[in-house]
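Okay, so here's the structure we're looking at.
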Amino acid sequence: MTNKDIKLHIDELQSLVDIQCSEGNYNCNPYMHGLANGLILALSVLTKECPKFLDKPEKWLRENDTGFDGIQFISRFD
């Protein structure tokens, strides 16, 4: 992978971070908040910068929404 490729991937990931960290996304529910912080962490690995995680908002936009509605979890150990 060339430096040009790495820069392209960093730019693409930064775009995803910007979208996910925007008002209405990261503070929608705990899942979206975790997704934003996960993208921030991934970007920090590539840029070798200290991640600046988002704090939990005082109130979620979608109260009582865990972000997991409609998702079926399957145990690999059953």
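The first residue in the sequence is number 1, and the count goes up from there.
In terms of the side chain to side chain contact (heavy atoms under 4.5 Å, CB included) criterion, residue partners of Asn37 (sequence neighbours excluded) are, by chain and number, His33, Ile40, Phe53, Leu54. With sequence neighbours left out, Lys7 forms a side-chain hydrogen bond (donor to acceptor under 3.5 Å, both in side chains) with Asp11. Residues satisfying the side-chain hydrogen bond (donor to acceptor under 3.5 Å, both in side chains) criterion with Glu12, sequence neighbours excluded, are absent altogether. Scanning for side chain to side chain contact (heavy atoms under 4.5 Å, CB included) contacts around Ser22 gives Asn25, with sequence neighbours left out. Residues meeting the side chain to side chain contact (heavy atoms under 4.5 Å, CB included) test with Ile6, sequence neighbours left out: Met1, Asn3, Ile10. Applying the side-chain hydrogen bond (donor to acceptor under 3.5 Å, both in side chains) rule to Thr2 yields the partners Asp5; only residues at least two apart in sequence or on another chain are considered.
Contact record, Gly24 with Leu61: CA-CD1, 3.6 Å, taken as the closest heavy-atom pair.
You'll find the side chain of Trp60 stays beyond 4.5 Å of the side chain of Cys28, heavy atoms only.
For the pair Gln20 (side chain) and Met32 (backbone), a donor-acceptor distance under 3.5 Å is present.
Transitive grouping of hydrophobic side chains (ILVMFWY, heavy atoms separated by less than 4.5 Å) brings Leu46 and Val17 into a common cluster. The cluster map of Ile, Leu, Val, Met, Phe, Trp and Tyr, joined by side-chain heavy atoms under 4.5 Å apart, puts Tyr26 and Leu41 in the same cluster.
Note that the CG atom of Asp18 and the CG atom of Leu43 stand 9.0 Å from one another [nearest 0.5 Å].
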